[in-house]
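Side chains included, hydrogens not; waters and symmetry mates left out as well; all remaining heavy atoms used. Naming: A, B, ... by sequence-line order, numbering from 1 per chain.
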Amino acid sequence: MLFANTSNYTERETLFVEVILPLSLTINYTYRVPFELNEKVAVGKRVVIQFGKHKIYTALVKAIGQTPPEFYEAKYIIDVVDEIPVITPKQFKFWDWITSYYLCNEGDVMAAALPTGLKLASETILVLREELPEELELTAKETLILEVLLKQQRMSIDEVVTLLGQKTVYPTINSMISKELIYIEEEVVEKYKPLLKSFIRLNPFYKEEVHLKELFTLLEKAPKQLDALLAYLQIAKTETAIAKQRLLELSGSGQAALKALVEKEVFIVEKKQVSRLSDSKDEFEVNFTLSIAQQNALNEIKAQFLQKDVVLLHGITASGKTQLYIKIIEQVISEGGQVLFLLPEIALTTQIVERIKLYFGDKIGVYHSKFNDNERVEIWNKVLNGSYQVVLGARSAIFLPFGELKLVVVDEEHESSYKQHDPAPRYQARDAAIYLAHLHDAKVVLGSATPSIESYYNASSNKYGLVKLEERFGGVQLPIQEVVSIAEATKQKKMTAYFTSVLLAQMQLALENKEQIILFQNRRGYATILICATCGYAPKCVNCDVSLTFHKTSGKLHCHYCGFHQNSINSCPACGSVHIEQKGFGTERIEEELALIFPDIKIARLDLDSTRSKNGMQQLIADFQDKKTQVLIGTQMVAKGLDFDNVSLIGVINADTLLNYPDFRAFERSYQLLAQVAGRAGRREKQGMAIIQAYSDSHRILNQVLTNDYLAMYTDELEERKKYLYPPFARLIFINVKHKDANVLNVASQALAQALRTQLGHRILGPEQPLVARIRNYYLKQISVKVEKNAPIQKVKNVLKETIAEFNTQKEFKSVWVQIDVDPY
DNA sequence: GTTCCTATGCAG
DNA sequence: TGCATAGGAACT
């Protein structure tokens with residue numbers, strides 16, 4: 001082995017770098033830096049490295065050192081990608097925290113944090129040799145591949161797999177390599193492509209009046225060219241950079257004329273990099289004054305910030321939290337700080353974003369999953385160089401490279417979509433954002449009309465500041481709310497399909513007044529399940545342990561877990577009976593029944609199925625806003641982030657499905673959702689109405705929704721949590737165990753739980769069978785870890801990590817998947 | 001015997 | 001993650 005101090009280059013430093021790969025690997029790897037790259041490597045820059053025999057990846061330099069690895073020879077890094085680091089030291093610290101808190105690998109975090117455009121990986125390409133051997137003995141498959149290659153010279157592995165229709169292709173490829181037919185190339189695909197546009201510039205020669213005049217006379221015989229020139233001069237008065245396309249549009253002179261001018265060297269064409277992000281240069285002066293209540297809340301937040309880093313803003317629906325946020329943000333950016341504004345994914349496609357964008361103009365960037373990669377890279381860079389001072393984003397926006405972060409706003413902080421469940425890192429963006437803020441010495445505002453129990457607990461126990469905003473903005477009145485018993489209505493024969501007479505009457509009234517209606521049903525599809533009336537058979541998914549849902553539009557039975565679907569059945573496959581009954585109902589069924597009752601109105605349905613296409617949701621919402629549709633039926637989606645002026649009635653078809661959900665948060669969630677849904681009714685001028693239909697009409701949660709009594713709900717829930725030791729009185733970690741074989745899984749999960757129990761005792765619960773015991777052909781078991789609040793959580797986590805690692809080395813459990821989910825809610 | 005799949009180990 | 005390798009099931 002060649003050590004640095006024994007080599008001929010003693011006077012030169014030999015550097016080694018520890019790199020993070022964007023893969024789920026438990027350790028980081030060490031590479032050696034070739035001397036010529038010594039100057040260029042730096043922590044936070046990306047390097048190109050070979051990992052394994054073929055693959056080339058971009059990895060991130062985590063650390064630089066001079067000690068060579070003891071037990072192996074390090075490979076050389078191939079190249080350094082960046083001129084300046086793309087990851088800041090603070091981001092590394094943040095990643096470290098996520099890695100250790102959520103028990104994942106650094107590579108998981110890297111994969112989640114970097115936009116795909118910044119993570120290039122190689123693709124294996126087969127290339128046909130220029131000279132082929134004369135005598136060939138080929139198998140049928142090799143001939144097939146060769147034929148394609150003769151046509152197109154190059155092929156990716158994927159293409160070979162589809163061509164041969166088999167998964168194992170490497171033996172064939174290897175054989176062709178040894179027969180000297182092909183060679184292998186690793187093609188690194190640079191994913192980010194800067195957008196280049198052609199710009200036109202006048203040759204400086206013609207800047208002088210004399211020359212320009214000569215040019216005019218010269219062009220007299222070419223009127224089109226003259227047009228182009230005149231148009232150029234006209235635009236040049238007000239603009240510096242003139243795009244070719246724009247000139248073409250404005251002059252109407254055509255490609256040929258422009259080309260001729262370029263050939264005459266009158267115009268010079270330049271390719272320039274432009275931004276894909278539409279930046280509205282004009283900042284709108286949206287003047288508004290805060291109400292007294294808002295002003296007081298704002299002052300109070302500022303006062304709280306003197307002592308507390310996090311403030312919970314408990315502001316009832318329509319109290320104008322957004323305006324408050326805007327004022328706080330405004331102050332922070334005027335002092336040169338950056339702001340991260342987190343919103344649930346769904347809210348990002350809607351009005352609130354437009355409002356804030358108008359206000360802050362080009363200082364603001366929006367970051368969410370609907371953006372393509374190139375756009376994300378551009379946003380990343382604009383945050384890095386500080387040209388974006390405000391970022392509005394979904395949970396993944398916490399990974400952007402902030403330099404001067406001074407404020408984090410988490411709107412609708414109770415939203416469950418802040419938690420990422422799969423894949424790792426399984427982080428809770430609200431909590432991670434609080435840590436991020438801590439790293440930056442920044443302040444945090446958590447806002448919600450129905451705060452999560454934990455946040456409210458933190459606020460009432462003085463860990464967070466608490467500011468209340470209890471007055472509706474602009475004097476908007478709370479809707480009149482009413483709970484209607486479905487059982488009672490059924491008894492009195494006052495049900496029409498799924499609607500009580502009370503709800504129907506109100507709908508009639510609203511429609512007569514030309515007002516709009518939103519109906520909420522937390523289940524998509526048509527009927528929940530089909531069931532044979534004779535033998536009780538119900539069609540199930542072939543991959544998962546769930547009954548299939550009947551969708552009428554497609555005429556098929558769908559699995560909502562894996563996407564499997566099959567044709568519906570007319571007779572029972574088990575007993576042949578034709579008495580197939582539909583049990584339960586979803587949004588689709590409600591839409592149909594409603595159309596029968598009100599044949600003249602237009603109804604739209606907002607759920608996962610109807611919004612799958614890219615602009616589906618936007619279109620649906622736009623139509624509803626333009627009053628093209630009168631009734632909007634939806635799942636959870638309708639509750640979140642949508643504001644409609646003309647909606648006077650909200651109907652919850654069946655609240656029981658929410659309340660009966662088997663989860664310790666079911667009541668909290670129900671309250672939050674129902675309060676949010678109800679709050680959508682009648683926002684301006686007119687008092688709206690919310691009707692909640694339920695079997696369990698006297699449920700305490702429904703009462704609390706009716707009376708808007710968040711505190712009562714909180715107190716009751718807290719009591720329950722204390723009694724059964726749930727958060728915030730304990731920390732919860734789920735260990736999900738998966739295997740294709742139910743028996744192996746049983747044995748393995750028992751063994752793992754036992755191994756954990758010997759170290760952590762009563763804290764280990766389970767393994768239990770989850771509600772859905774099999775998804776995508778994998779059987780599932782869940783072990784829960786409940787840790788008292790004051791126990792050393794990091795020690796427990798270390799034990800978990802080690803025990804699971806040890807467990808996975810055992811021969812019979814090698815193929816068992818174990819995933820850890822910290823704070824799984 | 002061949003062909004293909006699946007499990008498993010490993011990469012610096 | 002993706003690839004090499006080994007062992008075995010299903011085919012000829």
**OP:** Calculate the interatomic distance between A:Leu21 atom CG and C:dC3 atom C1'; express it in whole Å.
**Re:** 15 Å
Original post:
When the distance from CG of A:Leu23 to C1' of C:dG2 is rounded to whole Å, what number comes out?
Top reply: 9 Å
Original post:
What is the distance from CZ of A:Phe71 to P of B:dA11, rounded to the nearest Å?
Top reply: 14 Å
Original post:
Is A:Lys119 paired with A:Asp373 through a side-chain N to carboxylate O contact shorter than 4.0 Å?
Top reply: no
**OP:** Figure out the CD/P separation between A:Gln166 and B:dT2, and round it to whole Å.
**Re:** 16 Å
Subject >> Side-chain touch A:His560/A:Val546, heavy atoms, less than 4.5 angstrom >> reply: no
Subject >> SB check A:Lys62 A:Asp96 (cutoff 4.0 Å) >> reply: yes
**OP:** Name all pairs fulfilling the ring-ring contact (aromatic ring centres under 6.0 Å, His included) condition that reach into residues 98-150 of chain A, sequence neighbours left out, sorted by first residue then second.
**Re:** A:Trp97-A:Tyr101, A:Trp97-A:Tyr102
Subject >> d(NZ, A:Lys119; P, C:dT1) in whole Å >> reply: 12 Å
Original post:
Residues two or more places apart in sequence or in another chain: which of them pass ring pair (Phe, Tyr, Trp, His ring centres under 6.0 Å) with A:Phe402?
Top reply: none
Subject >> Most 5' of A:Thr139 and A:Leu25 on DNA chain B, judged by nearest nucleotide >> reply: A:Thr139
Subject >> Matching residue for A:Phe399 among A:Trp95, A:Tyr367, A:Tyr427 - test: ring pair (Phe, Tyr, Trp, His ring centres under 6.0 Å) >> reply: A:Tyr427
Subject >> Ring-on-base stacking B:dA11 with A:Phe51 (under 5.5 Å, under 30°) >> reply: yes
Subject >> Interatomic distance, A:Gln50 CD vs B:dA11 C1' [rounded to whole Å] >> reply: 10 Å
Original post:
Roughly how far, to the nearest 0.5 Å, is CZ of A:Phe94 from CG of A:Leu439?
Top reply: 7.5 Å
**OP:** Could you encode protein contacts along nucleotides 4-12 of chain C as a string, one character per nucleotide from 5' to 3', using B for base contact, S for sugar-phosphate-only contact and - for no contact, with a heavy-atom cut-off of under 4.0 Å?
**Re:** S--------
**OP:** Send over the distance from A:Asp158 CG to C:dG2 P, rounded to a whole Å.
**Re:** 10 Å
Would you list the protein and nucleotides 7-10 of chain B atom pairs, both N or O, that sit under 3.5 Å from each other?
| residue | atom | partner | partner atom | Å |
| --- | --- | --- | --- | --- |
| B:dG9 | OP1 | A:Lys814 | NZ | 2.8 |

Using residues 800-811 of chain A as the side-chain source, report each donor-acceptor pair under 3.5 Å to any protein atom, sequence neighbours left out, with the distance given to one decimal.
| residue | atom | partner | partner atom | Å |
| --- | --- | --- | --- | --- |
| A:Thr803 | OG1 | A:Gln759 | NE2 | 3.0 |
| A:Thr803 | OG1 | A:Val799 | O | 2.5 |
| A:Thr809 | OG1 | A:Glu806 | O | 2.5 |

Original post:
ring pair (Phe, Tyr, Trp, His ring centres under 6.0 Å) with A:His565: which residues, sequence neighbours excluded?
Top reply: A:His558
